[in-house]
Amino acid sequence: MSDPSGIERALESKKGPADADDLSALRERIRHSASHIMADAVRAMFPEAQFAIGPPTEDGFYYDFQLPRALTEEDLSVIAEKMIETIASDLPFERRQVDSKTARRIFEDQPFKLEIIDNIADENLGIYTHGDFSDLCNGPHVDSTGQVKAFKLLSLAGAYWRGDENRPMLQRIYGTAFESKKALDEYLTRLEEAAKRDHRKLGKELGLFTIHNEIGAGLICWQPKGGRIRSIVEDFWREEHLKRNYSLVYSPHIGKSKLWETSGHLEFYKENMYSAIDLDDQEYYLKPMNCPFHILMYKSSLRSYRELPMRLAELGTVYRYERTGVLHGLLRVRGFTQDDAHIFCRPDQLEEEVRGVLELTFSLLGAFGFKDYKIYLADRPEKHVGEPSEWTRATDALRNTLEEMKLDYQLDVGGGAFYGPKIDVKIEDAIGRDWQCTTIQFDFNLPQRFDITYIGDDGQQHRPFMVHRAILGSIERFMGILIEHYGGAFPVWLAPVQAVIIPITDRHLDYARAAVVEMRSAGLRVEVDDRSERMNQKIRQAQLEKVPYMLIVGDKEVAGGSVSVRLRSGEDLGPIPVTSVIEMIREKVETKA
RNA sequence: GCCCGCGUAGCUCAGUGGUAGAGCAGCGGUUUUGUAAACCGCAGGUCAUGGGUUCGAAUCCCUUCGCGGGCUCCA
C-alpha cells in the first residue's frame with residue numbers, strides 16, 4: 001500500500017478503473033490520517049480523553065472518544081483550528097511495529113485501546129505517530145500531515161462502544177477529508193443537493209404526506225397529491241402482477257395469538273409486534289407480516305401439483321414496533337404496506353419462479369428509471385432451520401438463475417435468513433445512492449410450521465417450496481426513495497398534476513375551462529389557475545409545485561385554439577393546438593418518459 | 001431505547017428574565033397583467049406538553065410527547 005509519490009500521482013492520473021482505485025486508496029489514507037490529526041486535537045483540548053476507534057469510512061472518517069463533558073458545535077471549530085495548525089506543520093507520519101506487550105505499556109491508561117489489543121491475535125502491532133501523538137493503527141497513512149489538503153468536521157453523534165448498547169456511550173465526531181479543496185467542495189455541494197431532495201422537506205412543500213403527533217410517530221397520512229402518486233404506483237404494480245399470473249388477494253390486519261404462535265412470530269418477533277388486543281377472551285395481534293394469512297389461504301383446500309405455482313400477492317399493510325430513535329420520514333416507519341407475494345411451487349419450478357421474480361423486478365424498477373442494480377446472494381447462516389442438503393439445493397437454484405440470466409452478483413456468505421437463502425437487489429438513485437428494496441427469500445420454516453402440502457403426480461403428499469418476495473419493499477419507503485430520486489419533479493405519468501392552465505386575464509377563463517374539460521376527458525390530470533394573480537405569479541407557483549406542463553392562454557391562443565406550452569425546465573415551446581398537447585402528454589404517460 | 005441538539009402563527013425563521021415579531025401562505029379589497037413573486041388592508045400564537053424556580057418565564061430547571069444527527073436493527 002505504499003505510494004511514495006502520494007497525492008501528486010493520484011491527482012495527475014487520468015480516469016480509469018485502476019486510477020479510480022488509486023484515488024479511493026489515497027482518500028482512505030487521507031481520511032485515516034485526518035482522523036488521527038483530529039484525535040490529537042481532541043487530546044490537546046481534553047488531556048484525559050480516552051480514545052476508542054477512528055477509521056475512515058466511505059465518505060469520510062470518524063473518531064469515538066470518551067470525554068469529561070459533552071462536545072458542542074463550538075468545540076468543533078476549536079478542534080478544526082488545532083487540526084489546521086497540525087496540518088500546516090506538515091509533521092511526518094511514522095510507523096513502527098511493536099509487540100503486544102509494548103503496546104499494552106504504551107496504552108496503559110487507554111482502556112479501549114487495551115481491549116482492542118486483547119482482541120488482535122497478531123503479536124505485532126502497528127503504531128503510527130505524528131508529532132507527539134501516537135495511535136494504535138495498522139494504517140496506511142499519508143506521509144505527513146500536510147497531505148491532508150482539505151477537511152471538514154461535519155457532525156457530533158453518540159455511538160456505543162463496539163456498537164453494543166450495553167457498553168458505554170461514546171462521543172463520535174464525523175468529518176471528511178479530500179485530496180483537494182475542490183474535491184471537498186464538490187462533496188459538500190453533493191450533500192447540499194441531497195438535502196434539497198430530502199423527501200421530508202419535499203413532502204411538506206409539495207403536499208404529499210404528513211405525519212401527526214396526534215396520530216403517532218412513524219404513521220403516515222397521504223395527502224391528496226401524494227395519494228394520487230401512490231395510487232398510480234399501486235395500479236401499475238397490480239397490472240404488472242396480473243400480467244405475470246399473480247393472484248391478487250386481501251387479508252385482514254389482525255389475527256389470533258394462535259396464528260402467531262404457529263408461525264413462530266410470537267416466539268421470535270414479539271419485540272417488533274404491537275401488544276395484544278383482547279376480544280371475547282381471545283388475544284389478537286396486529287400483523288407484522290402477511291405470510292401466515294397467505295399460507296392459510298393456500299391451506300384452505302387440498303392442493304394438486306397442477307395448481308402450482310400459486311402466486312399470492314397483496315399490498316399488505318403491516319405494523320411493526322420500531323424504536324423511536326430509528327424512525328425517519330417515510331424511510332423508516334411503524335405502519336407500512338409491503339408489496340408482498342408468496343409463491344408456493346414444486347421443487348422443479350423454483351428456478352423458473354426466481355427468474356420470473358427477477359424479471360418482474362427489473363421491469364417494475366426500470367419503469368421508475370432505476371437501471372443500475374447490485375445483486376447479493378446470501379447463503380446459510382450459522383443459526384438456521386432446514387437440512388444442509390435442502391439449503392444447498394435452494395441456494396443452487398437461486399445461483400443458477402442468476403447465472404443463467406447473466407447477472408453480476410456478490411455472494412453474501414452466511415447472510416441468509418435463518419429460514420432460507422435469499423437474493424437482495426439494491427438500486428442506485430439519480431444521485432448515486434444505493435437503496436435496498438427487493439428481497440427474494442426462500443423459506444424452509446413456515447411450510448413446516450403450518451404443515452402445508454400438495455398432492456403430487458405420484459398421488460403422495462409433498463411439501464411445497466415457498467418463496468417470499470417484495471419488489472418495491474415497502475410502498476411508503478419506496479415513495480420516499482422516488483421523491484428523492486426525482487427530486488420532487490415526478491415524470492409525467494406519476495405527476496399528481498400533469499399540467500396547469502394559466503389564463504393571462506379573466507377574459508381567457510372560459511377558454512381555459514373548456515380546455516381543462518377537454519384534457520381531463522382525455523384522461524389527463526389538469527387544473528386551471530383561476531386566481532386573480534399575474535401570469536408570472538401563476539408560473540412561479542406551478543414551477544414551485546414542479547408541474548411538468550404550464551399551458552398559457554391569452555388572446556393569441558384563444559384565437560388559434562392553442563395553448564402556449566412552458567416546460568418546468570423553463571423551456572418555452574410556443575403555441576400548440578390543444579389536441580396536439582393532449583397527444584404529447586399522453587405519449588409521455590404511455591412511455592413513462 | 002441510548003447520547004447530543006431542537007420544538008415560537010399553516011410554512012420559513014427573529015426574539016435568551018420585563019406587555020409575542022417578520023416574510024410567505026390565508027382572508028377582504030384594488031389590479032387584468034405574455035413566461036419564476038402586483039398593491040393596500042385584515043386576521044392569525046395558552047411560545048409542543050405538564051410541573052417547578054422567580055415579583056415576573058418563550059427565555060432558567062425537571063417531566064412527557066415529537067423532530068433532527070448518530071448508535072443498533074431492518075423494508
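Letters A, B, ... mirror the listed sequences (proteins, then strands); counts begin at 1.
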Roughly, in whole Å, what's the span from CZ in A:Arg69 to C1' in B:G5? 15 Å
Identity of whatever pairs with B:C6 - Watson-Crick or G-U, under 3.5 angstrom: B:G66
When the P atoms of B:G34 and B:G29 are considered, how many whole Å apart are they? 24 Å
B:U46 versus B:G51 - spacing of their C1' atoms, nearest Å: 15 Å
Is it the case that A:Gln441 and A:Tyr419 place a side-chain donor and acceptor less than 3.5 Å from each other? yes
Would you say A:Leu248 and A:Arg238 make side-chain contact, with heavy atoms under 4.5 Å? yes
Donor + acceptor pair across side chains of A:Gln223, A:Thr210 (<3.5 Å): yes
Just to be sure I understand the rule, does A:Ser532 reach a base, reach only the sugar-phosphate, or reach nothing, if contact means heavy atoms closer than 4.0 Å? base
Using a 4.0 Å cut-off on protein heavy atoms (strictly under), produce a 5'-to-3' string for nucleotides 64-75 of chain B with B for base contact, S for backbone-only sugar-phosphate contact, and - for none. -SSSSBBBBBBB
Closest to the A:Asp506 side chain: B:U32, B:U31, B:U33? B:U32
Could you work out the separation of B:C6 and B:C61 based on their P atoms and round it to a whole Å? 10 Å
Assign A:Ala470 to base, sugar-phosphate, or nothing according to its heavy-atom contacts below 4.0 angstrom with the strands shown. nothing
In whole angstrom, give the distance that lies between atom CZ of A:Arg540 and atom P of B:G23. 16 Å
With respect to the side chain of A:Met535, which nucleotide from B:G1, B:U32, B:U35 is positioned closest? B:U35
Name the residue closer to the 5' end of RNA chain B, choosing between A:Arg568 and A:Leu71 according to the nucleotide with the nearest heavy atom. A:Leu71
Report yes if the distance between the aromatic ring centroids of A:Phe368 and A:Trp237 is under 6.0 Å, otherwise no. no
Is there a Watson-Crick or G-U wobble partner for B:A22 with both distances under 3.5 Å, and if so, which one is it? B:U12
Taking NZ from A:Lys538 and P from B:U31, how many angstroms apart are they, rounded to a whole number? 16 Å
In the structure shown, which nucleotide is the Watson-Crick or G-U wobble counterpart of B:A36, with both distances under 3.5 Å? none
Is there a side-chain contact between A:Ile501 and A:Asp529 in this structure, where contact means two heavy atoms from C-beta onward sitting under 4.5 Å apart? no
Taking a pair as Watson-Crick or G-U wobble with both distances under 3.5 Å, which nucleotide is matched to B:C27? B:G41
Provide, to the nearest angstrom, the distance between the CG atom belonging to A:Leu206 and the P atom belonging to B:A25. 17 Å
How far does the C1' atom of B:C2 sit from the matching atom of B:G44, given to the nearest Å? 40 Å
Using atom CD of A:Glu73 as one end and atom P of B:C4 as the other, report the distance to the nearest whole Å. 14 Å
Integer-rounded Å distance: B:U31 C1' and A:Arg507 CZ: 14 Å
Please measure how far the C1' atom in B:C55 lies from the corresponding atom in B:U19, and state the result in whole Å. 15 Å
Establish, yes or no, whether the cationic atom of A:Lys287 lies under 6.0 Å from the six-membered ring centre of A:Tyr319 and within 45° of the ring axis. no
Exactly one of A:Tyr62, A:Tyr187, A:Phe151 clears side chain to side chain contact (heavy atoms under 4.5 Å, CB included) with A:Thr176, and that residue is A:Tyr187
Does one side chain, of A:Trp161 or A:Glu115, offer a donor that lies under 3.5 Å from an acceptor on the other? yes
Proximity to the side chain of A:Lys204 - top-ranked nucleotide from B:A36, B:G34, B:U12: B:U12
What's A:Glu271 touching, base or sugar-phosphate or nothing? Going by heavy atoms closer than 4.0 Å. nothing
Now, which nucleotide makes the Watson-Crick or G-U wobble pair with B:C74, with each of the two distances under 3.5 Å? none
Interatomic distance at P, B:U8 relative to B:C47, whole Å: 12 Å
Round to a whole Å and report the spacing from CD of A:Glu533 to P of B:C40. 14 Å
Provide the distance between the two P atoms, one in B:C67 and one in B:U16, to the nearest whole Å. 28 Å
Rounded distance in Å - CG (A:Leu202) to C1' (B:U12): 15 Å
Contact class for A:Gln171 vs. all strands (heavy atom < 4.0 Å): base, sugar-phosphate, or nothing? nothing
Using purine N1 to pyrimidine N3 plus N6-O4 or O6-N4 for Watson-Crick, or N1-O2 and O6-N3 for G-U wobble, both under 3.5 Å, which nucleotide pairs with B:C60? B:G52
Is any side-chain N or O of A:Asn536 under 3.5 Å from a base N or O of B:U35, one able to act as donor and the other as acceptor? no
Interatomic distance at C1', B:A22 relative to B:G15, whole Å: 11 Å
Report yes or no: is the cationic atom of A:Arg469 (NZ for Lys, CZ for Arg) under 6.0 Å from the centre of the six-membered ring of A:Phe442, at an angle within 45° of the ring normal? no
Does A:Arg566 contact B:A36 through a side-chain donor or acceptor facing the base, at a distance under 3.5 Å? yes
Do the two ring centres, one from A:Phe51 and one from A:Phe112, sit under 6.0 Å apart? no
